[in-house]
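Everything on this sheet refers to the single structure shown next.
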Amino acid sequence: MKNYQKVFGDPAFKTVLKNFVFITGLFVIFDCIFGMIIAVFVKMELKISKIAKVLIYLPVVLSPVIIGYTFRTLLEANNGIVNVLLRRIGLNGLAQQCLLILNWYCM
């Protein structure tokens with residue numbers, strides 16, 4: 001309780017709170033306006049709007065691909081980072097061929 005009294009009694013608290021609300025409100029308004037402009041731009045039937053659609057949707061498609069390659073690198077049977085580290089610290093029994101066992105992920 002003393003911590004709350006100390007924070008709310010601090011003279012800088014009001015200034016910090018006011019700045020926080022102002023900056024947050026400014027960014028929310030900016031994001032909404034910027035999002036609307038992008039939506040209108042993408043909705044137009046221009047050649048460049050097709051490129052914009054691809055660039056906007058590209059992170060949605062690339063994320064699962066990058067995550068898949070990352071986990072494949074980590075869990076590879078012979079040279080996977082996880083198995084190599086387990087073998088180096090002497091835990092050979094815990095090193096598994098994760099990607100070769102079909103039901104491994106269904107435990």
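Hydrogens, waters and symmetry mates play no part in the numbers below; they use all other heavy atoms, side chains included. Values in this document were obtained by computation on a predicted structure and should not be read as measured data.
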Q) Hey, what do you get for CD1 (I33) to CD1 (I38), rounding to the nearest 0.5 Å? A) 12.5 Å

Q. Is there a path of hydrophobic side-chain contacts, each under 4.5 Å between heavy atoms of I, L, V, M, F, W or Y residues, that connects L55 with M44?
A. no

Q. For atom OH of Y57, is the number of surrounding heavy atoms from other residues, nucleotides or ligands below 6.0 Å larger than 12?
A. no

Q) Do I56 and M36 share a hydrophobic cluster, counting only Ile, Leu, Val, Met, Phe, Trp and Tyr and linking them when any side-chain heavy atoms are less than 4.5 Å apart? A) no

Q: Take the angle between the ring planes of F8 and Y4 and call it parallel below 30°, perpendicular above 60°, tilted in between.
A: parallel

Please tabulate, for side-chain N and O atoms in residues 17-25, each donor-acceptor pair with protein atoms closer than 3.5 Å (sequence neighbours left out).
residue, atom, partner, partner atom, Å
N19, ND2, T15, O, 3.4
T24, OG1, F20, O, 2.7

Return all side-chain donor-acceptor pairs below 3.5 angstrom for residues 59-70, not counting sequence neighbours, or 'none' if the list is empty.
residue, atom, partner, partner atom, Å
S63, OG, P59, O, 2.8
T70, OG1, I66, O, 2.7

Q: Indicate, with yes or no, if V84 and L74 share a hydrophobic cluster defined by side-chain heavy-atom contacts under 4.5 Å among Ile, Leu, Val, Met, Phe, Trp and Tyr.
A: no

